[in-house]
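Residue numbers start from 1 in every chain, and the chains themselves are labelled A, B, ... in the order their sequence lines are given, proteins ahead of strands. Predicted, not measured: the structure shown is a model, and the values here were computed from it.
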Amino acid sequence: MAKEITSRSENYSQWYNDIVLKAGLADHSAVRGCMVIKPYGFAIWEKIQAQLDKMFKETGHQNAYFPLFIPKSFFSKEASHVEGFAKECAIVTHYRLKNDPNGKGVIVDPDAKLEEELIVRPTSETIIWNTYRTWIQSYRDLPILINQWANVVRWEMRTRLFLRTAEFLWQEGHTAHATKQEAIAETEQMVNVYAKFAQEWMSMPVIIGTKSESERFAGAVETYCIEALMQDGKALQAGTSHFLGQNFAKAFDVKFTSKEGALDYVWATSWGVSTRLVGALIMAHSDDNGLVLPPKLAPTQVVFVPIYKTDEELSKISEKVHELKKSLEAKGITTQYDDRDNLKPGFKFAEYEMKGYPVRIAIGPKDLEKGTVEIARRDTLTKQFVNQTEVAEFVENLLNDIQDNLFNKAVNFRTDNTTKVETYEEFKQVLDSKGGFILAHWDGTKETEEVIKEETKATIRCIPLDAISEDGKCILTGKPSNRRVIFARSY
RNA sequence: CGGGGUGUAGCGCAGUCCGGUUAGCGCAUCUGGUUUGGGACCAGAGGGUCGGGAGUUCGAAUCUCUCCACCCCGACCA
């Protein structure tokens with residue numbers, strides 16, 4: 001009764017907000033569009049970070065750090081890049097405050113105007129490529145495989161916790177290569193790393209594909225992405241990997257001498273995922289009782305709740321819990337013991353459901369007598385009694401089951417909400433009735449995509465890499481097409 | 001940024017239209033006691049710049065202006 005959340009069917013976006021706020025993931029802050037990530041939400045991000053960082057290092061990347069500020073002039077060097085970001089940049093114009101001579105408070109000191117304004121990075125290609133120029137002379141200096149964990153700022157008009165905030169945390173990989181082939185291979189490798197992470201750690205199935213020209217990253221030759229389907233039938237772009245060609249090398253004059261002695265521009269990639277993944281995680285699995293987390297990303301996997309009447313009972317239970325905790329921790333399972341004495345078990349049960357702890361273990365006097373515990377799983381909300389001697393092994397298997405079950409459930413949902421259509425009428429009808437991914441033929445032109453977007457708000461999420469080649473006719477123009485693309489309304 | 005709505009104790013709200021004692025209620029908190037296998041109960045206590053600022057007035061949570069934040073719908077968005 002303390003905390004109620006809006007049901008998904010009643011109001012999906014309210015449900016999403018309720019979960020973020022009531023599970024204690026984040027709060028709104030005093031700054032428009034910026035959130036405070038609370039410890040529990042940040043713990044999820046740290047799990048995401050730790051795994052991705054490991055995967056980046058396994059694929060040969062190193063971490064580095066570049067400045068938050070970028071000289072304004074850098075943005076004008078790559079035409080489409082500036083066009084893509086100009087409308088949402090925060091700009092530093094002064095470097096000093098002073099006391100307001102007319103009263104209380106402080107004002108910006110007009111004498112402290114910067115010669116050249118600084119842009120708070122919306123992404124770091126420009127500052128990084130400006131730096132790479134001095135690092136690269138020869139093919140022996142290549143490849144450069146660098147990742148940066150950072151915050152970036154994009155002045156979005158409408159923000160939503162985790163999904164689109166004015167400031168967000170992310171990682172951005174920036175690599176430099178001697179050949180086009182190598183850069184493309186890097187771009188593809190990283191989108192595959194993202195897909196593997198989404199599916200194996202987040203239990204979230206994704207489609208790997210390339211973006212259409214109009215959805216492509218500003219400054220990229222090709223954008224690869226992973227697209228996921230949320231429970232309300234809308235798509236969410238969960239990660240992107242860009243083949244930048246020689247665009248940034250040309251803009252920042254980054255050349256190298258090849259083995260053969262020829263001078264050529266360097267080939268580039270960039271790739272990133274952000275705290276948006278936390279939003280994706282919420283929307284992929286959670287239910288009307290609160291957050292549901294896949295065990296691999298849950299800050300705590302198992303919580304123990306004691307049920308007791310007397311202090312004697314509590315101390316016996318605690319002793320048993322500590323023993324069980326140790327056996328779980330020996331298997332690398334993270335645990336927590338909630339022995340707060342001012343809250344009843346039922347309250348705690350509800351609270352851990354809200355916070356999405358994958359497994360809850362209750363122990364009471366009856367269990368002590370029978371040598372059992374009660375184990376509840378968050379994904380199905382089912383409970384069963386298990387012998388104390390078998391707890392560690394049982395939980396270990398259960399966590400794997402939950403991880404798999406969440407993935408399978410999400411795959412089934414996506415399958416049920418993926419529709420092939422042949423006509424524009426059918427397309428619009430499916431979009432309005434159930435949404436989801438719509439597989440349709442498209443003539444490949446920007447104009448057609450634009451008309452469909454105008455009329456239906458659906459966009460091409462991606463051209464799947466594994467699309468089967470198949471003759472068909474564009475749903476709008478009837479022109480020939482040789483494969484289906486994925487349309488959806490999206491976040 | 002446009003349209004609509006909201007902002008009063010940690011949370012959820014009443015009071016605002018029609019200005020007037022010391023601004024209420026529920027939950028939460030603290031103390032004491034009884035409780036504890038699905039969101040406990042009794043008693044007592046503490047907690048408020050009424051989102052910020054300015055104005056009108058003898059008097060403002062209430063009226064006016066302005067700024068800020070959030071929500072919904074658009075526009076926008078890698």
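Judged by distance alone, the side chain of A:Lys355 and the main-chain N or O of A:Gly290 form no donor-acceptor pair under 3.5 Å. Distance alone, capped at 3.5 Å, places no donor-acceptor pair between the A:Asn387 side chain and the A:Glu390 backbone. Although no hydrogens or angles enter the test, the distance criterion places no donor-acceptor pair under 3.5 Å between the side chain of A:Asn130 and the main chain of A:Thr126.
Nucleotides of RNA chain B nearest to A:Lys87 and A:Lys383 differ in position, and the one nearer the 5' end is that of A:Lys383. Map A:Asp367 and A:Pro122 each onto its nearest nucleotide of RNA chain B; the residue landing nearer the 5' end is A:Asp367.
Nucleotide B:C1 has B:G74 as its partner under the Watson-Crick or G-U criteria, with both atom distances under 3.5 Å. The partner of B:G38 cannot be assigned: no Watson-Crick or G-U wobble pair with both contacts below 3.5 Å exists in any strand. Across all strands shown, B:G20 forms a Watson-Crick or G-U wobble pair, both distances under 3.5 Å, with B:C58. Under the Watson-Crick or G-U wobble criterion, with both distances below 3.5 Å, B:U31 is paired with B:A43. Of all nucleotides present, none satisfies the Watson-Crick or G-U wobble test against B:G48 with each distance under 3.5 Å. When Watson-Crick and G-U wobble pairs are counted only if both distances are under 3.5 Å, B:A69 pairs with B:U6. Here B:C25 sits opposite B:G12 as a Watson-Crick or G-U wobble pair (both hydrogen-bonding atom distances under 3.5 Å).
Comparing atom distances between the A:Phe347 side chain and each of B:G37, B:C76, B:G39 picks out B:G39 as nearest. Taking only side-chain atoms of A:Ala350, from C-beta outward, the nucleotide of B:G39, B:G37, B:C76 with the closest atom is B:G39.
Between B:A9 and B:G46, the distance separating the two C1' atoms is 11 Å to the nearest Å. Atom name P, nucleotides B:G12 and B:C72: the rounded distance is 15 Å, in whole Å. Across the P atoms, B:G37 and B:U21 are found 47 Å apart, a figure rounded to whole Å. Atom P of B:A69 sits at a distance of 39 Å from the matching atom of B:U31, rounded to the whole Å. Comparing B:U8 with B:C71, their P atoms are spaced 15 Å from each other, to the whole Å. Taking the C1' atoms as reference points, B:G33 lies 41 Å from B:G51, given to the whole Å. Across B:C50 and B:A60, the matching P atoms stand 11 Å from one another, rounded to whole Å. B:U35 and B:C42: their C1' atoms are spaced 11 Å apart (whole Å).
If you check every strand for non-hydrogen atoms under 4.0 Å, A:Tyr491 touches nothing. Nucleic acid contact class of A:Arg360 (heavy atoms, under 4.0 Å, all strands): base. Here A:Trp271 lies out of heavy-atom contact (under 4.0 Å) with every strand.
As a whole-Å value, the separation of A:Arg164 CZ from B:C77 P is 10 Å. Atoms CG (A:Asp27) and C1' (B:A69) sit 13 Å apart, rounded to a whole Å. The CD1 atom of A:Ile5 sits 15 Å away from the P atom of B:G12 (whole-angstrom rounding). For A:Asp18 and B:C11, the CG to C1' distance is 12 Å, given to the nearest whole Å. Rounded to whole Å, the distance from CD on A:Gln384 to C1' on B:G37 is 17 Å. Taking atom CZ on A:Arg378 and atom P on B:G38, their separation rounds to 18 Å, with Å as the unit. Distance CE (A:Met354) to C1' (B:C11): 13 Å, rounded to an integer number of Å. Regarding A:Glu374, its CD atom lies at a distance of 12 Å from the P atom of B:G37, rounded to whole Å.
Every residue two or more places apart in sequence or in another chain was checked for a side chain to side chain donor-acceptor pair (under 3.5 Å) with A:Tyr16, and none qualifies. Qualifying side-chain contact (heavy atoms from CB on, under 4.5 Å) partners for A:Thr59, counting only residues two or more places apart in sequence or in other chains: A:His61, A:Gln189, A:Met190, A:Val193. In terms of the side-chain contact (heavy atoms from CB on, under 4.5 Å) criterion, residue partners of A:Pro345 (sequence neighbours excluded) are, by chain and number, A:Val305, A:Ile307, A:Phe349. Applying the side chain to side chain donor-acceptor pair (under 3.5 Å) test to A:Ser270 and every residue at least two apart in sequence or in another chain returns A:Glu125. Legend: residues meeting salt bridge (Lys or Arg N to Asp or Glu O under 4.0 Å) with A:Lys320, ordered by chain and number and at least two apart, are A:Glu323. Remark: A:Asn289 engages A:Asp287, A:Arg378, A:Leu381 in a side-chain contact (heavy atoms from CB on, under 4.5 Å) (not counting sequence neighbours). Take A:Leu97 and apply the side-chain contact (heavy atoms from CB on, under 4.5 Å) test, not counting sequence neighbours, and it matches A:Val106, A:Val108. For A:Asn342, there are no side chain to side chain donor-acceptor pair (under 3.5 Å) partners, not counting sequence neighbours.
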Could you check A:Arg360 against A:Glu353 for salt bridge (charged side-chain N to carboxylate O under 4.0 Å, His left out), going step by step and ending with a plain yes or no?
CA-CA 9 Å; A:Arg360 183 184 76 230; A:Glu353 273 161 24; 3.1 Å; yes
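Annotation: cation-pi pair A:Lys370/A:Phe385 present, NZ/CZ under 6.0 Å from the ring centroid and within 45° of its normal.
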Would you mind building the protein contact string for nucleotides 70-75 of chain B? One character per nucleotide, 5' to 3', B for base within reach (heavy atoms under 4.0 Å), S for sugar-phosphate only, - for untouched.
SSSBBB
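Of all the residues in residues 215-232 of chain A, A:Glu215, A:Phe217 reach under 4.0 Å from RNA chain B with at least one non-hydrogen atom.
Evaluation of the salt bridge (Lys or Arg N to Asp or Glu O under 4.0 Å) test over residues 217-230 of chain A, restricted to residues two or more places apart or in two chains, returns A:Lys211-A:Glu227, A:Arg216-A:Glu222, A:Glu227-A:Arg461.
For B:G38, its base sits under 3.5 Å from the side chain of A:Glu353 at one donor and acceptor pair at least.
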Give me the distances for all protein-to-nucleotides 29-36 of chain B N/O pairs that come in under 3.5 Å?
from  : atom 1 : to       : atom 2 : distance (Å)
B:U36 : O2'    : A:Tyr308 : O      : 3.2
B:U36 : N1     : A:Tyr308 : O      : 3.4

